Amino acid sequence: MELRLPIFLRTLSCIVVLVSVFVSVRGASNTLFPYGPATNDKSVGQIGHADTVVVLPLPVKFAGQSFTSSNILKDGMLSFEPGVRFVEWTWREGTPNPAIDRPFIAPFHYDGFVPLQNPDAYRGKIYYKLTTRARNDMDTTEDDRQFMNMLDQYVMDASVALKTGFTSQFVLKVTWENVSSARNCSDQVMLTGCPSNTFQVLLIGDGDHTFVIFNYFKMEIPFSSHQLAGLNGGHGRGWTDVVPCTGACAKRSKLNPSRISTLVSRAGSDVEGRYILMVNGDVIIRGGCIPDGLKSGNIAVYPRETGMFGGEMLAVSGNCHPAGTKIYCRFGRDDQYRSEGVMETSMRGRCPVPVLTTRGQVELEISIDNMAWKHRTKLNIILPSRMDWPIDVSSFSTPWYQTSPKELRVRWTSHLFSSHYAATLEVNLIGYREDEYNNETPLIMRNLVQLATGISNRNEEVVINPSQFPCTSECDDFEIGLVQLRVAEQYVDNTTKYKSVNFGPVALGWYVNNAMTQSYGQNWPEAKCKAWSEKDRLTSGWLDHLLSCPCTLSQALADWGRWQPDMGCNMFTGSECYYHVDALHCVRSVHPS
């Protein structure tokens, strides 16, 4: 199935042939992985007369979809559906037809030249090889398996989004060698030398994860308006460019003359001319590095959301630097929220999340010198109640919420904290207080007491005797707190997912019970509650930030974006309005104040 271009584009290309002068741009000698007859690659026969269909040993996930085969096209593409054609359309109104938006991978889309009169003299070749890990695959050699093992480690070093290890089950390698464009080559000029390109793509999958590696070695074909380099999710999923970029660059799916040479000369990984992307999900996640030549660029980060109490280790991309190099992360434009991280590999860094006083979307920026912040992305900060906690202090009915418990327990999953067999943890109690009227320090956190130290991470549980930790000073300062489980300082370098976890808030009744009994008597919880209620009556500044109540029931029902039914008094569910006797219906404000 040949990719055909519109006739008017082919006519225009004749002009390009007459006036263009090609310049050879070459990449590093190690850009391409070994290919050709030496590695038993197959050659596409009469080049370009039909797509070459490769049936994959297991379904491959691409842009949230699943496919069982891939088509190799002479025009520098891998498609996942038959009948892919290059067509230029101009939409003036309405929505483009999703049926003509096909998924494909284009290391470099060009108008592939097909020699008609003298095919044996044409230098261009397309090689491909499908390697599988199956032991019954007689075509897979031990060298092939070692190559797959090397690729597995390589993509793990480059990716920010792998939760666990990666073991590929297949690798499809396709190399376009010295291929030329029909716009710049013909049978008449072929013998004198046509400008040509050499590039490569690897499709690597394990059934759940899919990686694509683009390699560019030589780019001589002059610029044409229809050239593309990237991935198309298809069916409305959008386009991702090979070279990361922001602003106006990110809004264009086409190359320009300067960006063609960029494919070879910039390093999207630890090798010039190589770019690595994780493509199995709806969102394409970039691995490797941000090329040094870019003034700014979107970084990749995983996970894409984290709790506001901090402690989680973020995997981030950025410029390539040697493993062990310090990096710095800034959360929002406020310099107060910075943390120091490290390049874990030459292509991936890690930064711990500090305690934050914000929620929602913030800008995450990366710096190598703690001064210039040119690479950024968005990170979602979520409330503690939305967290999937990696530690367990059980339910709210446990001793943590009693005034005189006999013991307190903390459980955790060891592999989430450290990979070191001898790693130890410590448990701290952190006092927590918010003061919305104090703009300078709206959040006050203080380390109250260390509950345990030197605990083996492998134990995955610690039992604490609360009678050993009575509050002795400033016991009125904090009524709630956080239980902090923290990796000991000497094992921080071996931290996996969490450097620390601040669980909570939890009530501190068990901690302050003795001091409160001496100050307020045995009934101190009720006395404290009444005191808090009286104080709260005096702080009415928050009322100014509330919405005005809807005047009528119709208004309340219509304004769904700001008012939604109270579950205890909802006329649509038949609730009896126990707390609002004689009310027909109640609504609550869901608009943040």
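These figures come from a predicted structure and were not determined experimentally.
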*Asks:* Closest heavy-atom contact between T358 and M308?
*Replies:* O-CB, 3.8 Å
*Asks:* Could you check whether N370 and R330, counting side-chain N and O atoms only, form a donor-acceptor pair closer than 3.5 Å?
*Replies:*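 No, no side-chain donor-acceptor contact under 3.5 Å.
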*Asks:* Tell me the closest heavy-atom pair linking P103 and F62, and the distance in Å.
*Replies:*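 Closest heavy-atom pair between P103 and F62: CB-CE2, 4.0 Å.
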*Asks:* Between K528 and E526, is there a salt bridge with N-O shorter than 4.0 Å?
*Replies:* no
*Asks:* Could you give the distance from CG (L508) to SG (C471), rounded to the nearest 0.5 Å?
*Replies:*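 If we round to the nearest 0.5 Å, L508:CG and C471:SG are 8.5 Å apart.
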*Asks:* Return yes when atom CH2 of W389 has more than 12 non-hydrogen atoms of other residues, nucleotides or ligands closer than 6.0 Å, and no otherwise.
*Replies:*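 Counting other residues, nucleotides and ligands, CH2 of W389 exceeds 12 neighbours.
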*Asks:* Looking only at side-chain N and O atoms, does T357 offer a donor or acceptor that is under 3.5 Å from a partner on Y337?
*Replies:* yes
*Asks:* So, do N457 and Y421 sit near enough that their side-chain heavy atoms are less than 4.5 Å apart?
*Replies:*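 When only atoms from C-beta onward are counted, Y421 and N457 do not touch, as no gap falls below 4.5 Å.
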*Asks:* With side chains defined as the heavy atoms from C-beta onward, is the minimum distance between D208 and K61 less than 4.5 Å?
*Replies:* yes
*Asks:* Apply side-chain contact (heavy atoms from CB on, under 4.5 Å) to E363 and K378, showing your working.
*Replies:* CA-CA 5 Å; E363 195 167 69; K378 298 294 185 180; 3.9 Å; yes
*Asks:* List the atom of V353, the atom of L314, and the distance in Å for their closest heavy-atom pair.
*Replies:*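 Looks like CG2-CG, 3.6 Å.
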*Asks:* Taking atom types as modelled and ignoring hydrogens, do the side chains of D152 and S168 form a donor-acceptor contact shorter than 3.5 angstrom?
*Replies:* yes
*Asks:* If only side-chain N and O atoms count, and only distance matters, is there a donor-acceptor pair under 3.5 Å linking Q484 with N502?
*Replies:*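 Yes.
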*Asks:* Side-chain contact, heavy-atom cut-off 4.5 Å: C329 with L364?
*Replies:*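 A side-chain contact exists here, since the closest heavy-atom pair is under 4.5 Å.
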*Asks:* Test: side chain to side chain donor-acceptor pair (under 3.5 Å). Region: residues 554-572. Which pairs qualify, not counting sequence neighbours?
*Replies:* D559-R562, D566-R588
*Asks:* Can you find a pair of side-chain heavy atoms, one from W412 and one from Y498, that are under 4.5 Å apart?
*Replies:*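 They are not in side-chain contact.
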*Asks:* Over all heavy atoms of both residues, which pair between I284 and V279 is shortest? Give the atoms and the distance, please.
*Replies:*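 Closest heavy-atom pair between I284 and V279: CD1-CA, 3.7 Å.
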*Asks:* Could you tell me whether a side-chain N or O of T496 sits under 3.5 Å from a main-chain N or O of F417, the two making a donor and an acceptor?
*Replies:* yes
*Asks:* Find the distance between CD (Q146) and CG (L151) and round it off to the nearest 0.5 Å.
*Replies:*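 So the gap between those two atoms works out to 12.0 Å.
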*Asks:* Would C569 and C586 count as a disulfide pair, i.e. SG atoms separated by less than 2.5 Å?
*Replies:* no
*Asks:* Any side-chain heavy atom of T68 sitting closer than 4.5 Å to one from L56?
*Replies:*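 They are not in contact (no side-chain heavy atoms under 4.5 Å apart), so the answer is no.
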*Asks:* Is K326 paired with E340 through a side-chain N to carboxylate O contact shorter than 4.0 Å?
*Replies:*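 Looking at K326 together with E340, the answer is yes, because their closest N to O distance falls below 4.0 Å.
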*Asks:* Do E312 and T306 get their side chains close enough for a donor-acceptor pair, meaning under 3.5 Å?
*Replies:* yes
*Asks:* Check this for me: R433, atom CZ, are more than 12 non-hydrogen atoms of other residues, nucleotides or ligands nearer than 6.0 Å?
*Replies:*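 More than 12 heavy atoms, drawn from other residues, nucleotides or ligands, come within 6.0 Å of this atom.
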*Asks:* So, are D477 and R446 salt-bridged, with charged N and O less than 4.0 Å apart?
*Replies:*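 Yes, D477 and R446 are salt-bridged.
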*Asks:* Of the non-hydrogen atoms in I285 and A161, which two are nearest, and what is the gap between them?
*Replies:* CD1-CB, 3.7 Å
*Asks:* Go through the side-chain N and O atoms of R274 and Y154 and say whether any donor and acceptor fall under 3.5 Å apart.
*Replies:* yes
*Asks:* Counting only heavy atoms not in E576, do more than 12 fall under 6.0 Å of its CD?
*Replies:*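 Result for CD/E576: open.
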*Asks:* With rounding to the nearest 0.5 angstrom, report the CE to SG distance, M347 to C320.
*Replies:*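 Answer for the CE-SG pair, M347 versus C320, is 6.5 Å.
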*Asks:* Might you work through the side-chain contact (heavy atoms from CB on, under 4.5 Å) test for F469 and I464, ending with a clear yes or no?
*Replies:* CA-CA 9 Å; F469 305 100; I464 299 164; 3.7 Å; yes
*Asks:* Would you find a donor on one side and an acceptor on the other, under 3.5 Å apart, between the side chain of W400 and the backbone of R409?
*Replies:* yes
*Asks:* Could you state the interatomic distance from OG (S575) to NE2 (H585), rounded to the nearest 0.5 Å?
*Replies:*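 Nearest 0.5 Å value for the OG-NE2 distance: 8.5 Å.
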*Asks:* Can you tell if the side chain of L451 reaches within under 4.5 Å of the side chain of Y511, non-hydrogen atoms only?
*Replies:* no
*Asks:* Indicate whether the side chain of R411 and that of N459 have a donor and an acceptor atom separated by less than 3.5 Å.
*Replies:* no
*Asks:* Hey, does D270 have a side-chain heavy atom less than 4.5 Å from the side chain of D157?
*Replies:*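 Not in contact.
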*Asks:* I want to check something: taking the side chain as every heavy atom from C-beta on, are Q490 and V492 in contact at a cut-off of under 4.5 Å?
*Replies:*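 Sidechains of V492 and Q490: no contact.
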*Asks:* Return yes if some donor-acceptor pair links the side-chain N/O of S159 with the main-chain N/O of V155 below 3.5 Å, else return no.
*Replies:*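 No; zero donor-acceptor contacts below 3.5 Å.
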*Asks:* For L202 and V212, run side-chain contact (heavy atoms from CB on, under 4.5 Å): C-alpha distance rounded to whole Å, both residues' side-chain angles, the deciding distance at 0.1 Å, then the answer.
*Replies:* CA-CA 6 Å; L202 275 71; V212 170; over 6 Å; no
*Asks:* Knowing that exactly one of L482, L408, V483 qualifies, which makes a side-chain contact (heavy atoms from CB on, under 4.5 Å) with V506?
*Replies:*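 With V506 as partner, L482, L408, V483 yield a single side-chain contact (heavy atoms from CB on, under 4.5 Å), made by V483.
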*Asks:* Count the heavy atoms of every other residue, nucleotide or ligand shown that sit under 6.0 Å from CD of Q522, and state whether that count exceeds 12.
*Replies:* no
*Asks:* Which value, rounded to the nearest 0.5 Å, describes the distance between H375 atom NE2 and C289 atom SG?
*Replies:*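 The SG atom of C289 is 10.0 Å from NE2 of H375, to the nearest 0.5 Å.
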*Asks:* Hey, mind stepping through F80 and F67 against ring pair (Phe, Tyr, Trp, His ring centres under 6.0 Å) and telling me if it holds?
*Replies:* CA-CA 6 Å; F80 295 100; F67 303 97; 5.0 Å; yes
*Asks:* Please report the interatomic distance CG(N319) to CD1(I327), rounded to the nearest 0.5 Å.
*Replies:*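 If we round to the nearest 0.5 Å, N319:CG and I327:CD1 are 10.5 Å apart.
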*Asks:* Using the rule given for ring pair (Phe, Tyr, Trp, His ring centres under 6.0 Å), can you reason through F211 versus F166, listing the C-alpha separation, both sets of side-chain angles and the distance that settles it, and then say yes or no?
*Replies:* CA-CA 11 Å; F211 291 89; F166 176 77; 5.1 Å; yes
*Asks:* Between S317 and R348, is a side-chain contact (heavy atoms from CB on, under 4.5 Å) present by the stated rule, with each step listed?
*Replies:* CA-CA 5 Å; S317 66; R348 183 187 67 239; over 6 Å; no
*Asks:* Would you name the heavy atoms of P57 and T132 that are closest together and state the gap between them?
*Replies:* CG-CG2, 3.6 Å
*Asks:* According to the interplanar angle, ranging from 0 to 90°, do the rings of F309 and Y432 count as parallel (below 30°), tilted (30 to 60°) or perpendicular (above 60°)?
*Replies:*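 It falls in the perpendicular class, over 60°.
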